[in-house]
Amino acid sequence: MEQTDQAPITRADVGFRSDRGPLLISLMLSIGLVAIDSTVIATAVPSVVESLGGFHQFPWLFSVYLLAQAVTVPIYGKLADLFGRKPMMLLGIGFFLAGSILCGFAWSMLALIVFRAVQGLGAGAIQPMSMTIVGDVYTTAERGKVQGYIASVWAVSSVVGPTLGGVFSQFATWRWIFFINIPLCLLAAFMLMRNLREDVVRRKPVLDYRGAVLLTTGVTLLILGLLEGGEAWSWTSWAGIGVPAAGLALLIAFVLVERRAAEPVVPLWVFRRRILLTGSLVSAGVGMVLFGLTSYVPAYVQGVLGTGPLVAGFALATFTLGWPLAASQSGRAYMRFGFRTTAIIGSSVAIAGCLLTTFLGTHTPVWVVGAVCFVVGLGMGWTAAPTLIAAQATVGWSERGVVTAANMFSRSVGGAVGVALFGAIANFALPDLARASSHVFISVAVIAILMGAAVVAMPRTPVAAQ
């Protein structure tokens, strides 16, 4: 398939009332499916275990979803460049719908875990395709504001998700946390079909099946080893060493195959271009910081400061409030100062916020925790959005799917590595939760500093109007 770049049509407004408003709403609704699903099940776990049993298996409800999502992101990105964004987005929504229905009817914990993987296959398309469509439809100047709209979905979901999970579990049945996705998926698909128009010139593609299999299997084993190391098996056991080693070996084979592939799943030029490589490193750091704070701030607020789950949730919600606020204003900043300078300012604020978390103690007021999280969120909004948009701005339509997917993939892998790393650090200091939290916060600050170093290494990329 060959396609000339589609220059986004300039509009004075990018909000809901503009002519692209219905498309923006459909993208936000699609992202909302993934965002709510990532938080809604957490508060329903006790009810799920009581109904299905399998307490020792329930962590897989999260791990298998993360795995399925992460390993499919690059593949969807490549397919989107071959066949268009719309078919891949609809395929992702279809997988998510099927997975949600199956999860709602799950008869055992094992069945629920398998069906969560189906949901993950859908989530692997929805998030990167949404960001790619934003890159196609909106100008460079507009994308920052649109990123704010998209990020606000995560902010709302961080509050709505756990609340819905608790309400359904207490007053109805946990199965409704999945059935509620049915009308939402149908509405998102309908709006997308009606409002997204693509002119795709098709040709018979040469699909890189070997590369796809090697990438999927290699990343699955690598992330599986990181997630389950120290939990399902000892780090020094055969599985602890062999699983991630096998994953690395398959990824090396993947690189060798991609060098000869006619249509590689992940073209190696993605790693040779400095702006794309540094952007992916920044995205990995974003994923690690994100998972570090969202995983351990609530535990710290509840276990160390002695508050309830609701207060802990609101303390963390300030983080997801600061992010979209900053992202929505980042467009003005990078259009005036450039992508790199804006990201440097953002990462500096994020580093300052992460350093402040290292001073949180056993008697810190909850509002201080919320304020610190808000600062980190502001910094992340001014870091994540400009680096992604900078990467998108350097390529055309036929490469934008791969580039966006590579950035999202790096964030997913960074999150998985962060879960394993911070879990190992926390377990080393347990059962002293205050000490464990302190060690995790110090580690998050170190990761934030490394993320800032990757931002500084970015080249100065000219900001085009389109």
[X] (side chain) donor-acceptor with [Y] (main chain) under 3.5 angstrom:
X    : Y    : value
S330 : A327 : yes
T318 : G370 : yes
R116 : L61  : yes
S410 : L281 : no
T404 : G401 : no
K86  : L196 : yes
Q329 : A326 : no

Is the shortest side-chain heavy-atom distance between [X] and [Y] below 4.5 Å?
X    : Y    : value
T342 : W382 : yes
L192 : L27  : yes
L222 : L251 : yes
I133 : Y138 : no
F409 : V71  : no
S30  : Q127 : no
F359 : V372 : no
M380 : F319 : yes

TODO: Report, as yes or no, whether the 6.0 Å neighbourhood of atom CH2 on W367 holds more than 12 heavy atoms from other residues, nucleotides or ligands.
DONE: no
>> Counting only heavy atoms not in W233 (residues, nucleotides, ligands), do more than 12 fall under 6.0 Å from its CH2?
In response: yes
Taking [X] as the fixed residue, which of [options] is the one that meets the side chain to side chain contact (heavy atoms under 4.5 Å, CB included) rule?
X    : options              : value
N181 : D37, L186, I101, I36 : D37
R340 : V456, T278, T387     : V456
V349 : V376, V375, T383     : V375

Closest approach of [X] and [Y], non-hydrogen atoms and distance?
X    : Y    : result
H439 : I425 : CB-CG2, 3.6 Å
L52  : A106 : CD2-O, 3.9 Å
A68  : L121 : CB-N, 3.9 Å
M89  : A125 : SD-O, 4.5 Å
M129 : Y76  : CE-O, 3.8 Å
G285 : M451 : C-SD, 4.0 Å

Q.
Under 4.0 Å between a side-chain nitrogen and a carboxylate oxygen: does that hold for D136 and R143?
A. no
In this structure, OG1 of T357 is separated from OH of Y300 (nearest 0.5 Å) by 9.5 Å
Between the CG atom in L360 and the SG atom in C373, the distance rounded to the nearest 0.5 Å is 7.5 Å
Between N407 and S280, does any side-chain donor sit less than 3.5 Å from a side-chain acceptor? no
Judged by modelled atom types alone, do Q69 and S412 share a side-chain donor-acceptor pair under 3.5 Å?
-> no
Requested in this report: May I have the step-by-step check of ring pair (Phe, Tyr, Trp, His ring centres under 6.0 Å) for W107 and F115, ending in yes or no?
Outcome: CA-CA 11 Å; W107 56 88; F115 299 150; 5.7 Å; yes
Notebook entry, point to check: Once the angle between the rings of Y296 and F422 is folded into 0 to 90°, is it parallel (under 30°), tilted (30 to 60°) or perpendicular (over 60°)?
Noted result: perpendicular
message = Less than 6.0 angstrom separating the ring centers of F96 and F178, yes or no?
response = no
